[in-house]
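The structure appears below as structure tokens.
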Amino acid sequence: MGITKTEIFTEQQNQIATFAKAFGHPARVAILQHLFKINTCICGDLVEEIGLAQPTISQHLKELKNLGLIKGSIEGTSICYCINTDNWTNMKEVMLQFLDQDVSTEKCC
């Protein structure tokens, strides 16, 4: 398997690509939206809310947790998830700086 060559890009470029991966699937977007809507930790009703199978939800939760946008804590036999506010704030700053770039009004092409 080939290398990804992420080392040839800046830390910021790698961060932006990593954060963008979180929004690369509508299920992850729906999970994040639901976590913001309920504004508390959630311990298991995502299957009914999102409409996907439990293993699929778990896979997306794992991805969001690995990306650092959510955090989880074990409560009995359940894992409860919520937004990782520090990392979310950092992600917003990085993405807003990137998205706030403007194209000059000069003609190109």
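For the single chain, residues carry numbers from 1 onward in sequence order.
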Below 3.5 Å, can you tabulate the donor-acceptor pairs from side chains in residues 89-99 to any protein atom, sequence neighbours excluded?
residue	atom	partner	partner atom	Å
T89	OG1	T85	O	2.9
Q97	OE1	Q12	NE2	3.3

Do any side-chain atoms of residues 51-65 form donor-acceptor pairs under 3.5 angstrom with protein atoms, and if so which ones, sequence neighbours left out?
residue	atom	partner	partner atom	Å
Q54	NE2	S58	OG	3.0
S58	OG	Q54	O	3.1
H60	ND1	R28	NH1	3.1
E63	OE2	K21	NZ	3.2

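The side-chain heavy atoms of Q33 and V29, taken from C-beta on, include a pair separated by under 4.5 Å. At a threshold of 4.5 Å between non-hydrogen side-chain atoms, the residues L46 and Y81 do not count as touching.
Atom CG of L35 and atom CG of N84 lie 11.5 Å apart (nearest 0.5 Å). Atoms OG1 and CD, on T18 and Q13 in that order, are 11.5 Å from each other to the nearest 0.5 Å. Note that OG1 of T40 and CD1 of I83 are 11.5 Å apart. Values are rounded to the nearest 0.5 Å. Residue H34 holds its NE2 atom at 11.5 Å from CG of N39, rounded to the nearest 0.5 Å. For the atom pair C43 SG and I74 CD1, the distance stands at 11.5 Å (nearest 0.5 Å). Note that the CD1 atom of I42 and the SG atom of C80 stand 9.0 Å from one another [nearest 0.5 Å].
Placement of F19 and F36 within a single hydrophobic cluster is found when ILVMFWY residues are connected by side-chain heavy-atom separations under 4.5 Å, directly or transitively.
More than 12 heavy atoms of other residues, nucleotides or ligands lie within 6.0 Å of CD in E48, so this atom counts as buried by the packing criterion.
When every heavy atom of L32 is checked against every heavy atom of F23, the shortest pair comes out as CD1-CE2, 4.0 Å.
In terms of modelled atom types and a separation under 3.5 Å, the side chain of N87 and the main chain of L69 share no donor-acceptor contact.
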